[in-house]
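On a predicted model such as this, the values are computed, not experimentally measured, just so you know.
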Amino acid sequence: TFPIQNGPVPVAPHYVFGPPAPDEPDPLISYPNGVAENRLTNEWIVADSYHSRLLRFATDHNSGNQVGAYLGSIPVGGGNSTPYSPVIDDDGVMLVPDFLNNTLFAFTPSGGSYVASQITAFQNGSTPDRFHQPRRVALIADPVIGMHLAQGIGTVVVLDSAQNRVLKLQPTGGVAAPAWTLLLAFGQAASASSLGPGKFVYPTGLAVDAAGNIYVTDPNNENLISIQ
């Protein structure tokens, strides 16, 4: 703990870089783009985007390892992918957007490893629909039951950047045999003469609050969008 004071708290940074194991690339991390805590496995999960994988590091609750210890990697998309910011549900299931392959990957804890599955499409009314360069995902838990992807409980929000839209999806069928359904689609491409609300130019930032409101940043359009 550190005393509260005015101005910056002088905390020395702690760097976690390796060194790489014999079968790991050097540098260990290339273009890290997102980190999340898996409270079920007591790991920090880092999206090592340019190495097409997720990295695992021990948290301070990991009794078997030193804090920050490197625990190995999880390949994403067979080594040909660009995984971005992971999110993790109440059961330790990780959901990761892969904008290179226009898909979402789910990783379910199983023993000391993870089982991968893939969500490539969803049902938009009576028509199948697909992602196009999804950059960010967020989870909105059921207010009573929580967030359980494998059981189809909760809501998944996807920032489908190349299609300039936000998607709210019901994870129908879980992650093993997904048949996800669209609850809401919002947004369309902006133009030089039309940069108003709901008009995006490849949005890249996504967050949700405790009430389920969705926030999108669109740096090319200099807008912050709030969606109820």
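- Between the side chains of Q118 and T103, at least one donor N or O lies within less than 3.5 Å of an accepting N or O.
- Heavy atoms only, all atoms of each residue included: R53 and V76 are closest at CA-CG2, 3.9 Å.
- The main-chain N or O of P219 is never found under 3.5 Å from a side-chain atom of T217 such that the two would form a donor-acceptor pair.
- The side-chain hydrogen bond (donor to acceptor under 3.5 Å, both in side chains) check on D98 picks up N101, with sequence neighbours excluded.
- Partners of Q170 under the side-chain hydrogen bond (donor to acceptor under 3.5 Å, both in side chains) rule, at least two apart in sequence or in another chain, do not exist in this structure.
- With sequence neighbours left out, the salt bridge (Lys or Arg N to Asp or Glu O under 4.0 Å) criterion links D90 to no other residue.
- When the side chain to side chain contact (heavy atoms under 4.5 Å, CB included) test is applied to P32, the partners found at least two apart in sequence or on another chain are I29, V46.
- A donor-acceptor contact shorter than 3.5 Å is absent between the side chain of D48 and the backbone of L55.
- Under 3.5 Å, the side chains of Y215 and D209 contain a donor-acceptor pair of N or O atoms.
- Under the 4.5 Å side-chain heavy-atom criterion for ILVMFWY residues, a single connected hydrophobic cluster contains both V216 and V157.
- A side-chain donor-acceptor contact under 3.5 Å links Q163 to the backbone of R130.
- I88 and V208 fall into different hydrophobic clusters, where Ile, Leu, Val, Met, Phe, Trp and Tyr residues are linked whenever their side-chain heavy atoms come under 4.5 Å apart, directly or through other members.
- Judged as a salt bridge (Lys or Arg N to Asp or Glu O under 4.0 Å), and not counting sequence neighbours, the contacts of R56 are E43.
- Linking ILVMFWY side-chain heavy atoms closer than 4.5 Å, directly or via other members, places V175 and V87 in a single hydrophobic cluster.
- Applying the ring-ring contact (aromatic ring centres under 6.0 Å, His included) criterion to F107, with sequence neighbours excluded, gives no partner residue.
- The stretch residues 136-156 participates, sequence neighbours left out, in these side chain to side chain donor-acceptor pair (under 3.5 Å) pairs: N33-R136, D91-H148.
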- Query: Can you list the steps and then say if L167 with F186 is a side chain to side chain contact (heavy atoms under 4.5 Å, CB included)?
  - Reply: CA-CA 7 Å; L167 306 172; F186 178 87; over 6 Å; no

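- Scored by the side-chain hydrogen bond (donor to acceptor under 3.5 Å, both in side chains) test, E37 finds no partners at all (sequence neighbours excluded).
- N38 places a side-chain heavy atom less than 4.5 Å from the side chain of M94.
- Residues passing the salt bridge (Lys or Arg N to Asp or Glu O under 4.0 Å) test with D160, sequence neighbours excluded: R165.
- In this structure, the side chain of S161 engages the main chain of P203 through a donor-acceptor pair within 3.5 Å.
- Side-chain N/O atoms of D129 and N124 include a donor and acceptor closer than 3.5 Å.
- Applying the side-chain hydrogen bond (donor to acceptor under 3.5 Å, both in side chains) criterion to T181, with sequence neighbours excluded, gives T172.
- F122 pairs by the ring-ring contact (aromatic ring centres under 6.0 Å, His included) definition with F131, not counting sequence neighbours.
- With hydrophobic clusters built from ILVMFWY side chains whose heavy atoms lie under 4.5 angstrom apart, M147 shares a cluster with W180.
- Under the ring-ring contact (aromatic ring centres under 6.0 Å, His included) criterion, Y114 pairs with no residue, sequence neighbours left out.
- Not a single donor-acceptor pair under 3.5 Å links the side chain of N65 to the backbone N or O of A69.
- Minimum heavy-atom separation, L104 to P97: CD2-CA, 3.8 Å.
- In the hydrophobic clustering of ILVMFWY residues, with side-chain heavy atoms under 4.5 Å counting as a link, I214 and L159 come out together.
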